[in-house]
Amino acid sequence: MPRSTVTDPVRELLAGRNFCHVATLNEDGSIHATLVWVDVDGDTIVLNSARGRRWPTNVERTGRASLLVANAENQYEYVWIDAALEEATDEDGLDVINALSEKYEGRPYPPLKPGEVRVTLRLAPERVVHRGG
């Protein structure tokens with residue numbers, strides 16, 4: 001599927017302090033959903049997690065995720081995005097989680113647990129549906 005452009009209203013939702021619901025497929029075909037912090041870089045969606053957690057493992061295995069981000073100030077405005085994995089990297093994981101923590105919490109991310117490795121996932125939107133804005 002071709003990459004979709006992220007419009008300004010959608011970019012505002014992704015760049016704001018709005019939480020992202022990520023839905024992925026488990027190996028048995030069941031759906032796994034979780035709530036994460038999100039950001040946007042141009043038309044690329046940026047997520048971060050700890051290595052070994054289910055949802056990033058699912059994204060790396062399938063190459064896909066479905067995202068829902070609602071406006072925290074007006075829950076009737078939301079964006080739903082089907083996205084393909086562009087990149088999963090550990091190289092900037094700590095920098096990205098610190099930036100996300102500053103955005104959402106106003107402070108750096110707490111010290112990592114022993115052995116914890118942060119992974120950054122960059123996703124290309126393929127279908128973008130914006131409602132209520």
Side-chain angles (χ1 to χ4, degrees):
M1 187 175 265
R3 184 183 183 109
S4 290
T5 301
V6 174
T7 63
D8 287 342
V10 170
R11 190 172 288 104
E12 287 177 26
L13 283 175
L14 296 170
R17 290 183 65 223
N18 303 304
F19 292 97
C20 178
H21 301 261
V22 177
T24 62
L25 287 178
N26 291 314
E27 287 189 70
D28 66 1
S30 62
I31 297 169
H32 176 76
T34 194
L35 191 67
V36 301
W37 293 338
V38 63
D39 210 347
V40 62
D41 181 11
D43 285 341
T44 300
I45 299 158
V46 181
L47 306 175
N48 187 283
S49 187
R51 274 267 175 229
R53 289 187 181 159
R54 182 178 297 182
W55 77 265
T57 299
N58 286 345
V59 173
E60 287 187 273
R61 189 187 76 257
T62 66
R64 310 206 46 76
S66 187
L67 314 173
L68 180 73
V69 179
N71 182 338
E73 302 297 319
N74 172 12
Q75 297 287 317
Y76 294 105
E77 180 187 11
Y78 64 91
V79 61
W80 166 58
I81 301 169
D82 275 340
L85 180 64
E86 270 187 352
E87 177 185 44
T89 181
D90 301 343
E91 288 184 27
D92 62 353
L94 190 55
D95 292 336
V96 171
I97 194 59
N98 277 320
L100 287 167
S101 186
E102 288 285 352
K103 172 182 164 179
Y104 283 88
E105 300 286 329
R107 62 179 181 256
Y109 195 72
L112 300 182
K113 297 174 184 159
E116 182 178 348
V117 175
R118 301 301 303 192
V119 57
T120 300
L121 295 98
R122 290 181 174 81
L123 302 170
E126 293 182 337
R127 182 173 181 202
V128 179
V129 178
H130 180 227
R131 296 282 189 254

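In this text, all values refer to a predicted model and were calculated from it rather than measured experimentally.
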Rounded to the nearest 0.5 angstrom, the CG-CZ distance for N48 and R122 is 9.0 Å
Let me check something: do I81 and L68 share a hydrophobic cluster, defined by ILVMFWY side-chain heavy atoms less than 4.5 Å apart, either directly or through other members? no
Of all heavy-atom pairs between P125 and I45, which one has the smallest distance, and what is that distance? CB-CD1, 4.3 Å
Side-chain heavy-atom pair Y109, L100 within 4.5 angstrom cut-off: no
Identify, with sequence neighbours excluded, every residue that meets salt bridge (charged side-chain N to carboxylate O under 4.0 Å, His left out) alongside R3. E86
Give a yes or no on this: more than 12 heavy atoms of other residues, nucleotides or ligands lie within 6.0 Å of atom CD of E73. no
Under 4.5 Å between side-chain heavy atoms, counting indirect links through other Ile/Leu/Val/Met/Phe/Trp/Tyr residues: same cluster for W80 and L85 or not? no
Heavy atoms of T24 and W55 approach each other most closely as CG2-O, 3.9 Å
Heavy-atom pair with the smallest gap, counting every atom of D92 and T89: OD1-CG2, 3.5 Å
What pairs of residues pass the salt bridge (charged side-chain N to carboxylate O under 4.0 Å, His left out) test when at least one of them lies in residues 13-39, not counting sequence neighbours? D39-K103
Quick check: do L25 and I31 have side-chain heavy atoms less than 4.5 Å from each other? yes
Nearest 0.5 angstrom please: T120 OG1 to D41 CG, how far? 11.5 Å
Going by side chain to side chain contact (heavy atoms under 4.5 Å, CB included), name the residues that satisfy it together with A50, two or more places apart in sequence or in a different chain. R53, E116, R118
For a 4.5 angstrom cut-off between non-hydrogen side-chain atoms, does L13 reach H130? yes
Quick check: closest heavy atoms across V59 and A65, and the distance to 0.1 Å? CG2-CB, 3.9 Å
Indicate the ring-plane relationship of F19 and Y104, choosing parallel, tilted or perpendicular according to the 30° and 60° boundaries. tilted
Please lay out, stage by stage, how L67 and L123 fare under the test side-chain contact (heavy atoms from CB on, under 4.5 Å). CA-CA 10 Å; L67 314 173; L123 302 170; 4.1 Å; yes
Using 0.5 Å steps for rounding, measure from the CG atom of D90 to the CZ atom of R51. 4.0 Å
Please enumerate all residues that pass salt bridge (charged side-chain N to carboxylate O under 4.0 Å, His left out) together with E105, with sequence neighbours excluded. R107
Which atom names give the shortest non-hydrogen contact between V6 and R11, and what distance separates them? O-NH2, 2.9 Å
Co-membership, hydrophobic cluster, residues Y78 and L35, 4.5 Å side-chain: no
Can you pull the salt bridge (charged side-chain N to carboxylate O under 4.0 Å, His left out) pairs that have at least one residue in residues 123-133, sequence neighbours excluded? R64-E126
Sequence neighbours left out, what passes salt bridge (charged side-chain N to carboxylate O under 4.0 Å, His left out) with D82? Give chain and number order. none
N/O donor-acceptor pair under 3.5 Å between S30 side chain and N26 backbone: no
If you compare all heavy atoms of L121 against all heavy atoms of P56, which two are closest, and at what distance to 0.1 Å? CD1-CB, 4.0 Å
